[in-house]
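These notes concern the structure reproduced below.
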Amino acid sequence: MNKTPAIKSPKAKTERQRSAMRRDLLAWYDDSARALPWRVRPEDRARGVAADPYAVWLSEIMLQQTTVPHATPYWEKFLARFPTVTDLARANRDEVLAMWAGLGYYARARNLHKCAGVIADEHGGAFPNTEAALLKLPGIGLYTAATLAAICFDEATNIVDGNVERVISRIFALDNPLPKARRELRALAATLAAPKRAGDYGQALMDLGATVCTPRSPKCGDCPWQRHCAANAAGTQTDYPKKIKKAKLPIRYGAVFVLRAGGAVMLERRDDEGLLGGMMGFPGTAWGERPEDPLASAPCARNWELCAGELRHIFTHFDLRLSVYRAEIPAPTQDGIWAPLADIKRYALPTVMTKALTLSQK
Ligand code: SF4
């Protein structure tokens, strides 16, 4: 198990309570486990069926910041196109990024491809089978390493994501607000983690957070941990987790230029290092705190028309307001990557650029 901060909390349960909690949660999971395409159900695990680390890894990377219904078609498409991690490693990165388009957080797609390369080249195409070794792979952090090690190799790790934080904060009625409370939450979660059936326990906890102990209306009557839950006893479930109020997102401004020639548009590849790195996009201005003179950044001198309506897109750290300009030339003579509109899905166009294209077509 990765090093969970060794702090003692006065709220920690006794060993007897912890055993009862594990037993209650696993019994609930045996009856109520979600059917997910990458999951081995508890009855099948009991028969010795093992989870496929490649399939679980793909799902976990896709599910970061994305819902199950949104991620599932992507997961199916990736597995059909790249049935093994080595197939993914050998794929052209542009194809991987194009298939990822629409899932957001594009650094994940670059790291996915990089990680597949390391597994294919340095591990003979097999995932390392411990949390410590998984942590050394690109794009695999604490949560993913703990999850893969538990689900695929039954290592007794401490799986803590946003859902688990919510459950634990309610069970212990933790008044320390997030993000400061993260250390204590991890330590409290670690006190409960199951030494046996570690994979089932981790998935049960994630299911509990996703389906029962939901943010706004927890279904405490259906919860296997109801009798162990301090927030339920006090009737204060939705007060947790406590959070330090977030500052409002800063606004950034920018402009993009959609140049058309017949049935094609001109794209450029974004720098690997920056936001939306490696993805395709329209040429444009930098995104800054104040609107600048956009036409000074136009890719060529044309009669640029400002499209009606401002494009808004929320990134994790800022709220973007983008002006979209369009122009048409008779033939694709300008230097750039000319993408036929009929074939635009083959290009790794992130959602914000797809919105710009749509606005330019109105
Ligand atoms: S009893 Fe309610 S608040 Fe407590 S863990 Fe269960 S669902 Fe969440």
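Indexing begins at 1, ligand by ligand and atom by atom, following the structure's order. All values reported here derive from a predicted model rather than from experimental measurement.
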Between the main-chain N or O of Thr14 and the side-chain N or O of Gln17, is there a donor-acceptor pair closer than 3.5 Å? yes

Who are the ring pair (Phe, Tyr, Trp, His ring centres under 6.0 Å) partners of Phe127, not counting sequence neighbours? Trp57

What protein N/O/S atoms sit under 2.8 Å from atom 4 (Fe) of ligand 1, by chain and number? Cys229 SG

Establish, yes or no, whether a centroid distance under 6.0 Å links the rings of Phe282 and Phe257. no

Can you list, pair by pair, the side-chain donor-acceptor contacts under 3.5 Å of residues 235-246, counting residues two or more places apart and other chains?
from: Gln237; atom 1: NE2; to: Asn232; atom 2: OD1; distance (Å): 3.3
from: Tyr240; atom 1: OH; to: Asp175; atom 2: OD1; distance (Å): 3.1
from: Lys242; atom 1: NZ; to: Asp175; atom 2: OD1; distance (Å): 3.2

Would you be so kind as to tabulate the donor-acceptor pairs closer than 3.5 Å made by side chains of residues 328-342, with sequence neighbours excluded?
from: Thr333; atom 1: OG1; to: Ala331; atom 2: O; distance (Å): 3.4
from: Gln334; atom 1: NE2; to: Pro299; atom 2: O; distance (Å): 3.4
from: Trp338; atom 1: NE1; to: Gln334; atom 2: O; distance (Å): 2.8

With under 30° as parallel and over 60° as perpendicular, where do the rings of Trp38 and Trp75 fit, or are they tilted in between? perpendicular

